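Just below is one structure, and these are the notes that go with it.
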Protein chains: 2
Amino acid sequence: MFELDIRSRKPIYEQLVERLKELIITEVLKTDEQLPSVRTLAQQLTINPNTIQKAYRELEIQGYIYSIKGKGSFVSPAIDSQNTEKLLKVKSDLMKLLSEAMYLGVTVEELIVTIQELHASIGGGIENDQN
Amino acid sequence: MFELDIRSRKPIYEQLVERLKELIITEVLKTDEQLPSVRTLAQQLTINPNTIQKAYRELEIQGYIYSIKGKGSFVSPAIDSQNTEKLLKVKSDLMKLLSEAMYLGVTVEELIVTIQELHASIGGGIENDQN
DNA sequence: TAACTGTACTATGAGTCATAGTACACTGCA
DNA sequence: TGCAGTGTACTATGACTCATAGTACAGTTA
């Protein structure tokens with residue numbers, strides 16, 4: 001279910017946040033569906049429960065999930081469908097960019113390397129980072 | 001000449017590397033032009049000379065500059081400047097797209113897969129398997 | 001020679017990340 | 001009611017990165 005890269009400079013909890021966001025946006029995890037408990041998921045992924053909790057807390061702050069003490073954590077309603085449209089727009093933009101790049105003679109490999117460099121230059125971070 | 005953000009999660013030396021790369025690619029710094037010495041630049045930017053040296057070393061590894069002990073550091077001649085210019089042209093658009101995508105929870109991996117899919121649908125071959 | 005250049009170390013402090021452990025409040029069920 | 005499971009909040013620790021500080025050495029140039 002999850003593929004974590006412990007070698008990555010990107011912290012585990014951030015990888016978790018991104019992966020879970022993706023699952024929520026793509027509606028693999030549906031509204032009000034219960035997420036694995038912090039302890040269960042920690043055991044499955046063989047990482048510390050605190051790391052899971054940090055990811056869940058971040059997801060709750062960003063409105064993707066809600067947590068109820070004693071019950072569990074659940075997917076927030078209404079975020080998914082709203083963003084799928086935007087996702088389609090991103091893919092559309094990507095399409096234009098790709099054709100433009102190929103017209104300029106840029107190979108797909110160069111494009112991928114560039115994306116990875118840009119991503120690395122951002123730091124993989126979502127919050128707090130300008131530039 | 002340089003705008004460094006000490007608050008950013010991005011290390012200072014990486015900011016330096018990127019800024020200098022940009023200046024070299026855009027030919028603001030021209031072939032064989034001498035860069036400021038590590039100590040001079042450190043004083044100008046009020047940061048440690050070791051940080052400058054780390055950036056210069058990285059730039060040398062990546063082929064953007066060459067250094068001669070006792071003389072100084074200089075811009076490398078023509079690293080396929082045509083392609084790098086083209087890449088730079090696409091880079092700003094890609095940057096916007098990437099930040100927007102990440103805001104929506106799209107992972108870089110998914111973005112890369114999408115590019116490969118689009119590229120394949122256009123008619124190019126798939127060379128790089130990332131998943 | 002003197003002042004500059006790059007380069008290579010060691011040491012230190014600040015900060016982040018992941019882990020480990022403990023504790024408490026709440027829910028649901030037998 | 002008791003207990004297992006849930007989220008949540010702490011502290012402490014070790015590993016790691018980053019930037020600084022200081023020292024030292026080798027090479028170039030006026």
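Proteins get letters first, then strands, A, B, ... in listed order; numbering begins at 1 in each. Side-chain atoms are counted along with the backbone in the values below, which use heavy atoms only and exclude waters and symmetry mates. All values reported here derive from a predicted model rather than from experimental measurement.
- Between the C1' atom of D:dT17 and the NZ atom of A:Lys10 lies a distance of 18 Å, rounded to the nearest Å.
- Side-chain proximity of A:Ser67 to D:dG7, D:dT6, C:dA8: nearest is D:dG7.
- Straight-line distance from the CG atom of A:Leu35 to the P atom of D:dG5: 19 Å, rounded to whole Å.
- For B:Leu4, the side chain to side chain contact (heavy atoms under 4.5 Å, CB included) criterion is met by B:Ile12, B:Gln15, B:Leu16, B:Leu45, B:Ile47, not counting sequence neighbours.
- Closest of all the heavy-atom pairs between A:Leu41 and A:Pro36 is CB-CB, 4.0 Å.
- For the residue pair B:Pro77 and B:Tyr66, the shortest heavy atom distance occurs at CD-CE2, 4.4 Å.
- Taking atom CD1 of residue B:Ile61 and atom C1' of nucleotide C:dG6, one finds them 15 Å apart after rounding to whole Å.
- Whole-Å rounding puts the A:Tyr66 OH to D:dT6 C1' distance at 14 Å.
- Using a 4.0 Å heavy-atom cutoff across all strands shown, A:Glu60 reaches sugar-phosphate atoms only and no base atom.
- Taking every side-chain heavy atom of A:Ser73 into account, D:dG7 is the closest of D:dG7, C:dT7, D:dA19.
- Regarding B:Ile52, its CD1 atom lies at a distance of 15 Å from the P atom of D:dC18, rounded to whole Å.
- Between B:Tyr13 and D:dC18 there is a side-chain polar atom (N or O) within less than 4.0 angstrom of OP1 or OP2.
- The hydrophobic cluster containing A:Ile61, built from Ile/Leu/Val/Met/Phe/Trp/Tyr side-chain heavy atoms closer than 4.5 Å, comprises no other residue.
- Rounding to whole angstrom units, CD1 of residue A:Ile12 and C1' of D:dA15 are separated by 13 Å.
- Atom CG in B:Leu59 sits roughly 15 Å away from atom C1' in C:dG6 (whole-Å rounding).
- By the side-chain hydrogen bond (donor to acceptor under 3.5 Å, both in side chains) test, B:Thr51 pairs with no residue at all, sequence neighbours left out.
- At whole-Å resolution of the value, CD in B:Glu14 and C1' in D:dA19 are 13 Å apart.
- Residues meeting the side chain to side chain contact (heavy atoms under 4.5 Å, CB included) test with A:Lys71, sequence neighbours left out: A:Ile68, A:Phe74.
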The contact string for nucleotides 20-30 of chain C, one letter per nucleotide 5' to 3', using protein heavy atoms under 4.0 Å with B, S and - for base, sugar-phosphate only and none, comes out as BB-B-BBSS--
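- Comparing atom distances between the A:Ser37 side chain and each of C:dG6, D:dA19, D:dT6 picks out D:dT6 as nearest.
- Distances shown here put every side-chain N or O of B:Lys54 at or beyond 4.0 Å from the OP1 or OP2 atom of D:dA19.
- Residues meeting the side chain to side chain contact (heavy atoms under 4.5 Å, CB included) test with B:Pro11, sequence neighbours left out: B:Tyr13, B:Glu14.
- Taking 4.0 angstrom as the limit, B:Thr40 places a side-chain polar atom (N or O) nearer than this to OP1 or OP2 of C:dT5.
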